[in-house]
Amino acid sequence: MKRSFTLFALFTMLFCSAAFAQGSTSASINGLVTDATSGDKLAGATVKLEHLPTGTKYGIKANTVGRYNLIGLKVGGPYTLKVTYVGYDEYSLEISKLEIDQNMTINVKMNQAGTTTQDVIVTAER
């Protein structure tokens, strides 16, 4: 009986230490997408991330309060982050490196796209 208990205790300690050794091997990026002028949250903004060495692409839409969360990202880098929203200029950012278990916060403030017009020539007759 004593020997069974000892084996059980030993097995439990080995199993638990192996379970605790399992750590995260990825990274994540999260943030909030807002209008640069008014601070309004931009729900539905498209957030794309590309791991340049491998070409791996990640993408998500900002939720109803403008938040996004990209998880399970490869460690290393470099990365390119691009955020788009209708009526706004594209936001782009280079990220040099992500570390194991890093949770990077990048809040994005987007500028409304400028409108351009062509020259207008007005002629009148008297």
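Note that the structure is a prediction, hence the values are computed from the model and not measured.
- One hydrophobic cluster, built from ILVMFWY side chains closer than 4.5 Å, cannot hold both L49 and V75; they sit in different ones.
- To the nearest 0.5 Å, the span separating CG on N63 from OH on Y68 amounts to 12.0 Å.
- Within 6.0 Å of atom CD1 in I71, 12 or fewer heavy atoms from other residues, nucleotides or ligands are found, so the atom counts as exposed in its surroundings.
- Considering all non-hydrogen atoms of both residues, L42 and Y88 come closest at CD2-OH, 3.7 Å.
- Annotation: side chain of Y79 is in contact with side chain of L98 (closest heavy-atom distance under 4.5 Å).
- Using a 4.5 Å heavy-atom cutoff, the side chains of K109 and Y91 are not in contact.
- Side-chain contact between S28 and N103: present, with at least one pair of heavy atoms (C-beta onward) separated by less than 4.5 Å.
- Of all the heavy atoms in L32 and V65, the pair that sits closest is CD1-O, 3.2 Å.
- Atom CD1 of I106 and atom CD1 of I29 lie 4.5 Å apart (nearest 0.5 Å).
- D35 approaches S38 most closely through the heavy-atom pair OD1-N, 2.8 Å.
- Looking only at side-chain heavy atoms (C-beta outward), L52 and T80 come within less than 4.5 Å of each other.
- Closest heavy-atom contact between G31 and T105: CA-CG2, 4.5 Å.
- Considering all non-hydrogen atoms of both residues, E99 and Q102 come closest at N-OE1, 2.7 Å.
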_side chain to side chain contact (heavy atoms under 4.5 Å, CB included) assessment of T37 paired with Q112_ = CA-CA 8 Å; T37 306; Q112 290 188 5; 6.0 Å; no
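- The closest side-chain heavy-atom distance from L81 to I95 is below 4.5 Å.
- Residues H51 and L73 have side chains not in contact (no heavy-atom distance under 4.5 Å, counting atoms from C-beta outward).
- P78 and P53 get closest at one heavy-atom pair: O-CD, 3.5 Å.
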*asked:* Run K41 and T34 through side-chain hydrogen bond (donor to acceptor under 3.5 Å, both in side chains) and show every step you take.
replied: CA-CA 4 Å; K41 277 64 170 180; T34 58; over 6 Å; no
